[in-house]
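On a predicted model such as this, the values are computed, not experimentally measured, just so you know. Counting convention: from 1, in listed order, for ligands and their atoms alike.
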Amino acid sequence: MKKMKKIIPFIILSSGLLTGCFKGKEEANVPNISKELNIYTERNYDIDKSLISEFEKETGITVNVAHSGADGLLKKLEIEGKDSPADLFVTKDAARLGRAKDLGLLQQIKDKEVLELVPANIRDKDNYWTSFTYRARIFAYNKAKTDPSTLSTYEDLADPKWAGKILVRSSTNSYNQALIASMISANGEEATREWIQGLVANMARSPKGNDRDQSKAVIAGIGEIAIMNSYYLGKMIHSTDAEERKVGEQLAIFFPNQDGRGTHINVSGMGITKYAKNVENAERFIKFFLSEKSQTRFANENYEYPANKNVKANSTVQSWGDFKIDSLTLSELGKYYKKGIIMADEEGWK
Ligand code: FE
(Lines give C-alpha, C1' and ligand atoms only; values in the text may rest on other atoms or scores of the structure.)
Protein backbone atom coordinates (compact mmCIF):
# COMPACT_ATOMS: atom_id res chain seq x y z
CA MET A 1 0.00 0.00 0.00
CA LYS A 2 1.34 3.35 -0.95
CA LYS A 3 1.16 6.13 1.54
CA MET A 4 -1.66 8.59 0.96
CA LYS A 5 -0.25 11.94 0.05
CA LYS A 6 -1.62 15.27 1.09
CA ILE A 7 -4.33 16.32 -1.29
CA ILE A 8 -4.22 19.72 -2.89
CA PRO A 9 -7.71 20.97 -3.72
CA PHE A 10 -8.11 22.15 -7.27
CA ILE A 11 -10.63 23.98 -9.36
CA ILE A 12 -12.42 22.06 -12.03
CA LEU A 13 -11.48 23.99 -15.15
CA SER A 14 -13.94 22.60 -17.60
CA SER A 15 -15.82 19.44 -18.27
CA GLY A 16 -13.98 19.33 -21.61
CA LEU A 17 -11.15 17.43 -19.98
CA LEU A 18 -13.30 14.36 -19.72
CA THR A 19 -15.86 14.71 -22.43
CA GLY A 20 -13.36 15.89 -25.00
CA CYS A 21 -10.91 13.63 -26.73
CA PHE A 22 -8.62 11.51 -24.64
CA LYS A 23 -5.16 12.94 -25.14
CA GLY A 24 -3.24 10.67 -22.80
CA LYS A 25 0.27 11.92 -22.11
CA GLU A 26 -0.24 15.40 -23.46
CA GLU A 27 -2.63 16.17 -20.66
CA ALA A 28 0.12 15.57 -18.17
CA ASN A 29 1.36 19.05 -19.05
CA VAL A 30 -1.90 20.91 -18.47
CA PRO A 31 -1.28 23.28 -15.53
CA ASN A 32 -3.40 23.59 -12.38
CA ILE A 33 -4.94 20.17 -12.70
CA SER A 34 -4.69 17.77 -9.81
CA LYS A 35 -2.26 15.01 -10.52
CA GLU A 36 -3.53 12.64 -7.86
CA LEU A 37 -6.11 9.98 -7.45
CA ASN A 38 -6.79 8.13 -4.20
CA ILE A 39 -8.44 4.75 -4.32
CA TYR A 40 -9.95 2.66 -1.53
CA THR A 41 -10.16 -0.87 -2.87
CA GLU A 42 -11.10 -4.30 -1.68
CA ARG A 43 -9.55 -5.94 -4.76
CA ASN A 44 -6.05 -7.29 -4.54
CA TYR A 45 -5.42 -8.77 -7.98
CA ASP A 46 -2.21 -8.37 -10.00
CA ILE A 47 -4.24 -7.14 -12.96
CA ASP A 48 -5.53 -4.16 -10.96
CA LYS A 49 -2.02 -3.19 -9.88
CA SER A 50 -0.75 -3.50 -13.43
CA LEU A 51 -3.58 -1.42 -14.91
CA ILE A 52 -3.17 1.23 -12.22
CA SER A 53 0.49 1.70 -13.11
CA GLU A 54 -0.44 1.86 -16.79
CA PHE A 55 -2.99 4.56 -15.95
CA GLU A 56 -0.27 6.48 -14.10
CA LYS A 57 2.06 6.27 -17.09
CA GLU A 58 -0.62 7.27 -19.57
CA THR A 59 -1.96 10.24 -17.61
CA GLY A 60 0.84 11.43 -15.34
CA ILE A 61 -1.59 11.07 -12.44
CA THR A 62 -0.20 9.53 -9.26
CA VAL A 63 -2.53 6.88 -7.89
CA ASN A 64 -2.47 6.11 -4.18
CA VAL A 65 -4.09 2.87 -3.18
CA ALA A 66 -5.44 1.86 0.21
CA HIS A 67 -6.36 -1.80 0.27
CA SER A 68 -8.64 -3.37 2.89
CA GLY A 69 -11.86 -5.34 3.39
CA ALA A 70 -14.99 -3.71 1.95
CA ASP A 71 -16.73 -3.23 5.30
CA GLY A 72 -13.61 -1.68 6.81
CA LEU A 73 -13.33 0.72 3.90
CA LEU A 74 -16.99 1.69 4.19
CA LYS A 75 -16.52 2.40 7.89
CA LYS A 76 -13.43 4.45 7.10
CA LEU A 77 -15.33 6.51 4.52
CA GLU A 78 -18.13 7.10 7.02
CA ILE A 79 -15.82 8.18 9.82
CA GLU A 80 -13.64 10.36 7.61
CA GLY A 81 -16.62 12.13 6.05
CA LYS A 82 -15.65 15.35 4.27
CA ASP A 83 -12.01 14.85 5.25
CA SER A 84 -11.67 11.53 3.47
CA PRO A 85 -8.76 11.42 1.03
CA ALA A 86 -10.57 8.78 -1.06
CA ASP A 87 -11.79 9.63 -4.55
CA LEU A 88 -12.89 6.16 -5.61
CA PHE A 89 -14.36 3.20 -3.77
CA VAL A 90 -13.74 -0.17 -5.43
CA THR A 91 -15.20 -3.46 -4.27
CA LYS A 92 -16.07 -6.94 -5.52
CA ASP A 93 -19.57 -6.98 -4.16
CA ALA A 94 -22.67 -5.23 -5.49
CA ALA A 95 -24.24 -5.21 -2.03
CA ARG A 96 -21.39 -3.09 -0.69
CA LEU A 97 -21.70 -0.72 -3.63
CA GLY A 98 -25.41 -0.44 -2.89
CA ARG A 99 -24.63 0.19 0.76
CA ALA A 100 -22.10 2.90 -0.10
CA LYS A 101 -24.81 4.60 -2.17
CA ASP A 102 -27.45 4.23 0.55
CA LEU A 103 -25.09 5.65 3.18
CA GLY A 104 -24.57 8.73 1.01
CA LEU A 105 -20.89 7.96 0.50
CA LEU A 106 -20.96 8.22 -3.30
CA GLN A 107 -21.72 10.81 -5.96
CA GLN A 108 -23.11 10.28 -9.44
CA ILE A 109 -20.77 9.38 -12.29
CA LYS A 110 -21.25 12.02 -14.96
CA ASP A 111 -19.79 10.38 -18.07
CA LYS A 112 -22.95 8.88 -19.60
CA GLU A 113 -21.08 7.69 -22.67
CA VAL A 114 -18.86 5.48 -20.54
CA LEU A 115 -21.75 4.22 -18.44
CA GLU A 116 -23.60 3.17 -21.56
CA LEU A 117 -20.84 0.67 -22.32
CA VAL A 118 -22.11 -1.32 -19.34
CA PRO A 119 -25.42 -3.24 -19.45
CA ALA A 120 -28.06 -1.66 -17.20
CA ASN A 121 -28.44 -4.78 -15.03
CA ILE A 122 -24.86 -4.51 -13.75
CA ARG A 123 -24.74 -0.83 -12.86
CA ASP A 124 -26.65 1.46 -10.56
CA LYS A 125 -29.85 2.87 -12.03
CA ASP A 126 -28.98 6.34 -10.69
CA ASN A 127 -25.33 6.18 -11.87
CA TYR A 128 -23.79 6.08 -8.39
CA TRP A 129 -21.67 3.06 -9.31
CA THR A 130 -20.78 0.87 -12.23
CA SER A 131 -19.31 -2.58 -12.49
CA PHE A 132 -16.18 -3.21 -14.49
CA THR A 133 -16.23 -7.03 -14.32
CA TYR A 134 -18.58 -9.75 -13.16
CA ARG A 135 -18.33 -13.42 -12.20
CA ALA A 136 -20.79 -16.28 -11.93
CA ARG A 137 -21.17 -18.49 -8.85
CA ILE A 138 -21.10 -21.87 -10.58
CA PHE A 139 -20.83 -25.59 -9.81
CA ALA A 140 -17.53 -27.31 -10.61
CA TYR A 141 -17.55 -31.08 -11.01
CA ASN A 142 -15.29 -33.90 -12.16
CA LYS A 143 -15.83 -34.47 -15.90
CA ALA A 144 -15.00 -38.14 -15.55
CA LYS A 145 -17.35 -38.80 -12.64
CA THR A 146 -20.43 -36.60 -12.64
CA ASP A 147 -23.21 -36.73 -15.19
CA PRO A 148 -24.17 -33.06 -15.72
CA SER A 149 -27.78 -34.09 -16.34
CA THR A 150 -27.98 -34.73 -12.57
CA LEU A 151 -27.26 -31.02 -11.94
CA SER A 152 -29.91 -28.33 -11.97
CA THR A 153 -30.24 -25.58 -9.36
CA TYR A 154 -28.76 -24.12 -6.18
CA GLU A 155 -31.98 -25.23 -4.50
CA ASP A 156 -31.39 -28.83 -5.59
CA LEU A 157 -28.09 -29.00 -3.63
CA ALA A 158 -30.20 -29.25 -0.47
CA ASP A 159 -31.84 -32.47 -1.68
CA PRO A 160 -30.82 -35.52 0.39
CA LYS A 161 -29.55 -37.20 -2.81
CA TRP A 162 -26.42 -35.01 -2.43
CA ALA A 163 -25.69 -36.13 1.13
CA GLY A 164 -21.94 -35.94 1.82
CA LYS A 165 -21.21 -34.51 -1.65
CA ILE A 166 -21.33 -30.73 -1.46
CA LEU A 167 -18.19 -28.63 -1.08
CA VAL A 168 -18.49 -24.97 -0.25
CA ARG A 169 -16.42 -22.49 1.70
CA SER A 170 -17.47 -20.66 4.86
CA SER A 171 -20.61 -18.53 5.00
CA THR A 172 -18.45 -15.73 6.40
CA ASN A 173 -17.19 -15.20 2.85
CA SER A 174 -18.89 -12.43 0.87
CA TYR A 175 -19.35 -14.65 -2.22
CA ASN A 176 -21.59 -16.99 -0.22
CA GLN A 177 -23.28 -14.13 1.61
CA ALA A 178 -24.30 -12.64 -1.74
CA LEU A 179 -25.51 -16.05 -2.94
CA ILE A 180 -27.65 -16.48 0.19
CA ALA A 181 -29.04 -12.95 -0.24
CA SER A 182 -30.00 -13.83 -3.83
CA MET A 183 -31.77 -16.96 -2.57
CA ILE A 184 -33.75 -14.92 -0.02
CA SER A 185 -34.67 -12.47 -2.77
CA ALA A 186 -35.87 -15.32 -5.02
CA ASN A 187 -37.46 -17.72 -2.52
CA GLY A 188 -38.06 -15.84 0.72
CA GLU A 189 -36.58 -16.26 4.18
CA GLU A 190 -38.20 -19.49 5.28
CA ALA A 191 -37.38 -21.40 2.10
CA THR A 192 -33.80 -20.13 2.26
CA ARG A 193 -33.46 -21.23 5.87
CA GLU A 194 -34.58 -24.72 4.85
CA TRP A 195 -32.17 -24.61 1.93
CA ILE A 196 -29.27 -23.78 4.25
CA GLN A 197 -30.29 -26.63 6.57
CA GLY A 198 -30.30 -29.07 3.64
CA LEU A 199 -27.03 -27.75 2.25
CA VAL A 200 -25.28 -28.02 5.61
CA ALA A 201 -26.61 -31.58 5.98
CA ASN A 202 -25.18 -32.43 2.54
CA MET A 203 -21.70 -30.98 3.04
CA ALA A 204 -18.81 -33.32 2.31
CA ARG A 205 -16.87 -31.69 5.14
CA SER A 206 -16.99 -28.75 7.47
CA PRO A 207 -16.28 -25.64 5.33
CA LYS A 208 -12.62 -24.79 4.98
CA GLY A 209 -10.32 -23.18 2.44
CA ASN A 210 -11.13 -20.87 -0.45
CA ASP A 211 -13.11 -21.45 -3.64
CA ARG A 212 -10.27 -23.22 -5.44
CA ASP A 213 -9.80 -25.59 -2.50
CA GLN A 214 -13.38 -26.78 -2.94
CA SER A 215 -12.77 -27.80 -6.55
CA LYS A 216 -9.47 -29.45 -5.61
CA ALA A 217 -11.43 -31.51 -3.08
CA VAL A 218 -13.76 -32.60 -5.89
CA ILE A 219 -10.83 -34.04 -7.83
CA ALA A 220 -9.42 -35.57 -4.63
CA GLY A 221 -12.74 -37.42 -4.28
CA ILE A 222 -13.74 -35.72 -1.01
CA GLY A 223 -17.00 -34.49 -2.53
CA GLU A 224 -18.73 -34.20 -5.86
CA ILE A 225 -19.94 -30.64 -6.41
CA ALA A 226 -18.01 -27.49 -5.55
CA ILE A 227 -19.65 -24.09 -5.41
CA MET A 228 -17.10 -21.71 -6.90
CA ASN A 229 -16.67 -18.43 -8.76
CA SER A 230 -16.24 -18.91 -12.51
CA TYR A 231 -12.93 -17.06 -12.88
CA TYR A 232 -11.12 -19.51 -10.61
CA LEU A 233 -11.65 -22.25 -13.15
CA GLY A 234 -10.06 -20.06 -15.84
CA LYS A 235 -7.19 -19.29 -13.51
CA MET A 236 -6.64 -22.96 -12.70
CA ILE A 237 -6.74 -24.09 -16.34
CA HIS A 238 -4.13 -21.44 -17.19
CA SER A 239 -2.15 -21.69 -13.96
CA THR A 240 1.64 -21.70 -13.93
CA ASP A 241 1.36 -24.34 -11.19
CA ALA A 242 1.24 -27.77 -12.89
CA GLU A 243 -0.77 -29.34 -10.05
CA GLU A 244 -3.42 -26.67 -10.28
CA ARG A 245 -3.53 -26.96 -14.06
CA LYS A 246 -4.09 -30.69 -13.75
CA VAL A 247 -7.04 -30.14 -11.43
CA GLY A 248 -8.46 -27.45 -13.70
CA GLU A 249 -8.31 -29.69 -16.73
CA GLN A 250 -10.33 -32.40 -14.98
CA LEU A 251 -13.08 -30.01 -13.96
CA ALA A 252 -16.19 -29.00 -15.82
CA ILE A 253 -18.47 -26.09 -15.15
CA PHE A 254 -22.23 -26.01 -14.67
CA PHE A 255 -24.37 -22.88 -14.67
CA PRO A 256 -27.21 -23.46 -12.18
CA ASN A 257 -30.84 -22.31 -12.51
CA GLN A 258 -30.74 -21.91 -16.27
CA ASP A 259 -34.36 -23.02 -16.60
CA GLY A 260 -35.45 -20.49 -14.01
CA ARG A 261 -34.15 -17.13 -12.82
CA GLY A 262 -30.57 -17.74 -14.01
CA THR A 263 -27.16 -18.15 -12.39
CA HIS A 264 -26.19 -15.84 -9.53
CA ILE A 265 -23.51 -13.34 -10.46
CA ASN A 266 -21.69 -10.68 -8.54
CA VAL A 267 -19.72 -7.74 -9.82
CA SER A 268 -16.57 -5.82 -9.19
CA GLY A 269 -17.46 -2.19 -9.36
CA MET A 270 -16.57 1.33 -8.39
CA GLY A 271 -18.08 4.63 -7.45
CA ILE A 272 -16.74 8.15 -6.94
CA THR A 273 -16.85 9.14 -3.29
CA LYS A 274 -19.17 11.92 -2.15
CA TYR A 275 -16.29 14.14 -1.03
CA ALA A 276 -13.77 13.26 -3.72
CA LYS A 277 -11.21 16.03 -4.28
CA ASN A 278 -10.11 14.63 -7.63
CA VAL A 279 -13.40 14.01 -9.39
CA GLU A 280 -12.09 14.46 -12.93
CA ASN A 281 -9.26 12.03 -12.34
CA ALA A 282 -11.73 9.55 -10.88
CA GLU A 283 -13.96 9.89 -13.96
CA ARG A 284 -10.90 9.37 -16.11
CA PHE A 285 -9.97 6.26 -14.16
CA ILE A 286 -13.45 4.81 -14.63
CA LYS A 287 -13.16 5.47 -18.35
CA PHE A 288 -9.75 3.81 -18.36
CA PHE A 289 -10.94 0.71 -16.47
CA LEU A 290 -13.88 0.36 -18.86
CA SER A 291 -11.82 0.93 -22.02
CA GLU A 292 -11.61 -1.97 -24.46
CA LYS A 293 -7.92 -2.31 -23.75
CA SER A 294 -8.32 -2.68 -19.98
CA GLN A 295 -11.42 -4.83 -20.32
CA THR A 296 -9.60 -7.24 -22.61
CA ARG A 297 -6.91 -7.57 -19.98
CA PHE A 298 -9.43 -8.26 -17.19
CA ALA A 299 -10.91 -10.94 -19.42
CA ASN A 300 -7.63 -12.59 -20.38
CA GLU A 301 -5.62 -12.21 -17.20
CA ASN A 302 -8.25 -12.63 -14.50
CA TYR A 303 -10.86 -14.67 -16.44
CA GLU A 304 -13.67 -12.41 -15.23
CA TYR A 305 -16.47 -11.42 -17.56
CA PRO A 306 -15.80 -7.91 -18.89
CA ALA A 307 -18.55 -5.40 -18.05
CA ASN A 308 -18.01 -3.50 -21.32
CA LYS A 309 -20.51 -5.05 -23.70
CA ASN A 310 -18.19 -4.57 -26.68
CA VAL A 311 -15.49 -6.78 -25.17
CA LYS A 312 -15.53 -10.56 -25.37
CA ALA A 313 -14.70 -12.92 -22.52
CA ASN A 314 -11.49 -14.95 -22.65
CA SER A 315 -11.71 -17.84 -25.15
CA THR A 316 -11.64 -20.48 -22.37
CA VAL A 317 -14.45 -18.66 -20.62
CA GLN A 318 -16.35 -18.35 -23.91
CA SER A 319 -15.97 -22.10 -24.43
CA TRP A 320 -18.19 -22.65 -21.38
CA GLY A 321 -21.03 -21.09 -23.36
CA ASP A 322 -23.43 -18.25 -22.74
CA PHE A 323 -25.61 -18.39 -19.69
CA LYS A 324 -28.68 -16.72 -18.32
CA ILE A 325 -27.87 -14.27 -15.53
CA ASP A 326 -30.07 -14.07 -12.42
CA SER A 327 -32.28 -11.11 -13.20
CA LEU A 328 -32.25 -9.95 -9.58
CA THR A 329 -31.23 -6.31 -9.42
CA LEU A 330 -27.79 -6.52 -7.87
CA SER A 331 -28.32 -3.61 -5.53
CA GLU A 332 -31.23 -5.61 -4.04
CA LEU A 333 -28.65 -7.96 -2.53
CA GLY A 334 -27.93 -5.48 0.22
CA LYS A 335 -31.49 -5.78 1.52
CA TYR A 336 -31.08 -9.43 2.49
CA TYR A 337 -27.42 -9.58 3.40
CA LYS A 338 -27.67 -9.29 7.16
CA LYS A 339 -30.60 -11.67 7.39
CA GLY A 340 -28.67 -14.25 5.36
CA ILE A 341 -25.57 -13.98 7.53
CA ILE A 342 -27.60 -14.50 10.69
CA MET A 343 -29.49 -17.44 9.20
CA ALA A 344 -26.34 -19.17 7.95
CA ASP A 345 -24.86 -18.79 11.40
CA GLU A 346 -27.99 -20.09 13.13
CA GLU A 347 -28.15 -23.12 10.84
CA GLY A 348 -24.53 -24.13 11.35
CA TRP A 349 -22.99 -23.11 8.01
CA LYS A 350 -19.57 -22.33 9.43
FE1 FE B 1 -12.00 -14.21 -5.54
So do the side chains of R205 and L167 get within less than 4.5 Å of each other, counting heavy atoms only?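 Heavy-atom side-chain distance check passes, below 4.5 Å.
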
Before we go on, tell me: are the rings of [X] and [Y] under 6.0 Å apart, centre to centre?
X	Y	result
Y305	F323	yes
Y231	Y303	no
Y40	F89	no

Angle subtended at the Fe ion (ligand 1) by OH of Y231 and OH of Y232, to 10 degrees?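 The two atoms subtend 110° at the Fe ion (ligand 1).
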
Please confirm if an N, O or S atom belonging to N210, backbone or side chain, lies less than 2.8 Å from the Fe ion (ligand 1).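 No, since none of the N, O or S atoms of N210 sits under 2.8 Å from the Fe ion (ligand 1).
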
Measure from the Fe ion (ligand 1) to each N, O or S atom of Y175 and report whether any distance is below 2.8 Å.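 It does: Y175 brings an N, O or S atom closer than 2.8 Å to the Fe ion (ligand 1).
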
